[in-house]
Protein chains: 4
Amino acid sequence: MAVRSEQSHRAILEATMMLLDERQPEALTVQRLSIERIAKEAGVSKTTIYRWWQSKAALIIDTFLDNHVARTPVREDIPALDALREHLGSLAEIYSGREGRLVAQLIAECQYDALTMNEFKERFWLPRSHAVNSLIERAMDEGTVRSDLAPEIIAELLYAPLYFRLLFQIDPLDRDIASRFLTAGLEGIATRAAH
Amino acid sequence: MAVRSEQSHRAILEATMMLLDERQPEALTVQRLSIERIAKEAGVSKTTIYRWWQSKAALIIDTFLDNHVARTPVREDIPALDALREHLGSLAEIYSGREGRLVAQLIAECQYDALTMNEFKERFWLPRSHAVNSLIERAMDEGTVRSDLAPEIIAELLYAPLYFRLLFQIDPLDRDIASRFLTAGLEGIATRAAH
Amino acid sequence: MAVRSEQSHRAILEATMMLLDERQPEALTVQRLSIERIAKEAGVSKTTIYRWWQSKAALIIDTFLDNHVARTPVREDIPALDALREHLGSLAEIYSGREGRLVAQLIAECQYDALTMNEFKERFWLPRSHAVNSLIERAMDEGTVRSDLAPEIIAELLYAPLYFRLLFQIDPLDRDIASRFLTAGLEGIATRAAH
Amino acid sequence: MAVRSEQSHRAILEATMMLLDERQPEALTVQRLSIERIAKEAGVSKTTIYRWWQSKAALIIDTFLDNHVARTPVREDIPALDALREHLGSLAEIYSGREGRLVAQLIAECQYDALTMNEFKERFWLPRSHAVNSLIERAMDEGTVRSDLAPEIIAELLYAPLYFRLLFQIDPLDRDIASRFLTAGLEGIATRAAH
DNA sequence: CGATAAACGAGACGGTACGTCTGGTCTTGTG
DNA sequence: CACAAGACCAGACGTACCGTCTCGTTTATCG
């Protein structure tokens, strides 16, 4: 009996997002964000948070997924290569803002704790990975992508530069650069003569 | 006048490395490593550490560089493409062990603090980046790499998968996979017909 | 409709006594004993406890009276002074064990809350007090105790040393010391010449 | 090096006394008084309190002794019996007010923890006990008190009624009742014929 | 004998406080 | 005057209970 209070649940997720929102004055990083602060902000007791989330990172993954409404869809009505370009472009766009900072900090948290890494991979990376692998397989079927490489390798090769930019913050992320990375990856960077 | 005690300096760096060494029982992550603990281990007062390092991350970067003796050399006596393959391979090898974990955690720290990010990029990334850019330019001169792309873009494209694996820990890093990523990057993943 | 569950009632009293029983390993004091713990131990919900007892102390008084079977009788078949000696002796004996610790802790609880004090006095002290006052009045009638002092004053004078020992735990309580206190109180501690 | 801050020390003692002072609105009992609250009131961190006091009770004993300036002196310039009457009277007077409530609550705390009991006896009861035993021995020398009873027994007999009233709060404490208890104790409550 | 209202177990909830820990600053000698 | 030693304020940690509050689920009369 006694069932979870949906009201508290929502208040917690919203307070968390609010505190992490960099558009706020004095925005917090995931590291500086404390359960204590979330509880106070949400008008909820710490117990309630600890009851439902095992760690701060688990809560933040939930918050992220909860707010990740503007997804990066994988279109099925256009050629796979075009869908890939569209998908990478929208990902770059999304990651260029506060959601990007959040993902970067989530990845950072994963470096400190194996359980967080696990949860992150299962709930965030795997679903996306599956969608992308399917897309690449479709491209192979359509004959636009080499089928002598594992789709996973191809996925990593194409996605890695976006995460590299996200985490190293050397140059900005946008649709254009995502597109250029894709083109370079498709064509290869060797001169023709080198083959 | 009294000048910086070299003895304390070394003791601090060594204590830091020792505490982070995963071969120790109860190895610490960068996050769990505390200044307090380092001070105790080094037989030094906290004041002394705070006097010379602005943040925990700055100290850890120093520690890392201090210990990063077995570097990944960029050979000049062989074709640039071979040197590139060698370099990426040795990087993958090094990053597959505890030094990899440390770099990953340093990158994580950077997500929380702009100053740390700055210091990391200037002291760690830039020197490596310069070496690699030169190498790519040499490859262009040698006619093995396309010269219609910026060297920085190419560098990102080739290095990103290694860091992706380092940070996502999906599959292991080794010389072989590094080599395969390089080959795929060079050849391109599109079918010839797609061009 | 629906009437108090005698089963729950008993389970609560027994769980309480069990948790307070110092013969148990990890015996609890009244202070450390929590309603939560009693509920779990009794297999009862907290609500049920709160429904029937206004405070922890009220429950403990009930528990105490429930278990206080081996009472200290006031005999009527012997001279009042002998009955008094017998009564004080058996009280000392009982208070020297775990029941004494419990009474001491009940008295402690009373120092923090006027309602507890009230309940304690009404249910524990008053009945005993009445019996003792009657006994002292009988002694007066029998001509063995001065009748120029209020019986209440005499009662306090004779009982106080037992409670003093119970609460200060300086020296142990037993029949012998109770008897010596009574004798001293009866005879007075002044030399005859001082009168 | 690094030495205790006398300023913090005083602030803590004063905050504690202030919070326990029943002349304040919303006075606290020892039980309800929290370290957290004291720290806030004193403008001090909890760490500082925990550094110097092992338990709440230890702090409160310190606070009590610190404030117990208006002591109950044992006069030496008058007959021992008069000094005894004076001493018991002033004790009763003091215990009738807020200091009495504090002592009562300290005694209550002792019922829950052996270490507190120890500290209380050593720092509070023993010094007083010594003074009183000397006084009783003086009375014996002066020939006003029987010397066939141990001074400790006599001390308990005379002091117990005051503590009994303090803890049971049946009737008020004052100089007069203290004096009457003393007289009754000296004379004995038995009729002369009973001897 | 079936309706109904209470008592019940379960346990979530907002709170308070616990005692511990670390961060970063400040103070006090020592060499 | 750099240093060790370590006290200090600040505040988060995760836990234990508090007393209140739904929730269904017995259960025992009463209409």
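Just so it is clear: chains get the letters A, B, ... in the order the sequence lines come, proteins before strands, and each one is counted from 1. Since the structure is predicted, the reported quantities are computational estimates derived from the model, not experimental observations.
- With rounding to whole Å, B/W53 atom CH2 is found 16 Å from E/dG24 atom C1'.
- Residues B/L106 and B/A57 approach most closely at CD2-O, 4.4 Å, considering heavy atoms.
- Between the B/Q111 side chain and the A/L167 main chain, a donor and an acceptor come within less than 3.5 Å of each other.
- Between the CD1 atom of D/I12 and the P atom of F/dC8 there is a distance of 8 Å, rounded to whole Å.
- When the C1' atom of E/dT22 is taken as reference, atom CG of B/L19 falls 15 Å away, rounded to whole Å.
- Under a cut-off of 6.0 angstrom, the local environment of CZ in A/R98 is crowded, with over 12 non-hydrogen atoms contributed by other residues, nucleotides or ligands.
- The CD-P distance, from D/Q31 to F/dC18, rounds to 11 Å in whole Å.
- In this structure, of F/dG14, F/dC3, E/dC13, it is E/dC13 that holds the atom nearest to the side chain of A/S5.
- Nearest to the side chain of C/W52, among E/dA17, E/dA7, E/dA12, sits E/dA7.
- Considering only side-chain atoms of D/R4, the nucleotide from E/dC18, F/dC8, F/dA4 that sits closest is F/dC8.
- Taking only side-chain nitrogens and oxygens, A/S45 never comes nearer than 4.0 Å to OP1 or OP2 of E/dG15.
- Residue C/K46 places its side chain closer to F/dC18 than to any other of F/dG14, E/dG24, F/dC18.
- With D/Y112 contributing its side chain and C/V30 its backbone, the two residues share no donor-acceptor pair below 3.5 Å.
- Judged purely by atom type and a 3.5 angstrom limit, C/K121 uses its side chain to pair as donor or acceptor with the backbone of D/F168.
- Taking atom CD1 on A/I49 and atom P on F/dT15, their separation rounds to 13 Å, with Å as the unit.
- Looking at every heavy atom in both residues, A/L28 comes nearest to A/L20 through O-CD2, 3.4 Å.
- The distance from atom CG of B/L59 to atom C1' of E/dT22 is 16 Å, rounded to the nearest whole Å.
- Annotation: of the two residues near DNA chain E, D/E36 and C/G43, the 5′-most nearest-nucleotide partner is C/G43.
- Here the P atom of nucleotide F/dC13 and the CD1 atom of A/I38 are 8 Å apart, to the nearest Å.
- Within the 4.0 Å cut-off from OP1 or OP2 of E/dG9, at least one side-chain nitrogen or oxygen of C/T48 is found.
- Between A/L33 and D/E6, the residue anchored closer to the 5' end of DNA chain F is D/E6, taking for each the nucleotide with the nearest heavy atom.
- E/dG24 atom P lies 17 Å from atom CZ of B/R37, rounded to whole Å.
- Taking the nucleotide of DNA chain F with the nearest heavy atom to each of B/V44 and C/I35, the more 5' of the two is matched to B/V44.
- Neither OP1 nor OP2 of E/dC21 sits under 4.0 Å from any side-chain N or O of B/S34.
- Which of E/dG19, F/dC9, E/dG15 sits closest to the side chain of A/T47 comes down to E/dG15.
- Between A/R51 and the phosphate of E/dC13, there is a side-chain N or O to OP1/OP2 separation shorter than 4.0 Å.
- When distances are taken from the side chain of D/Y50 to each of E/dC8, F/dT20, E/dG19, the shortest belongs to E/dG19.
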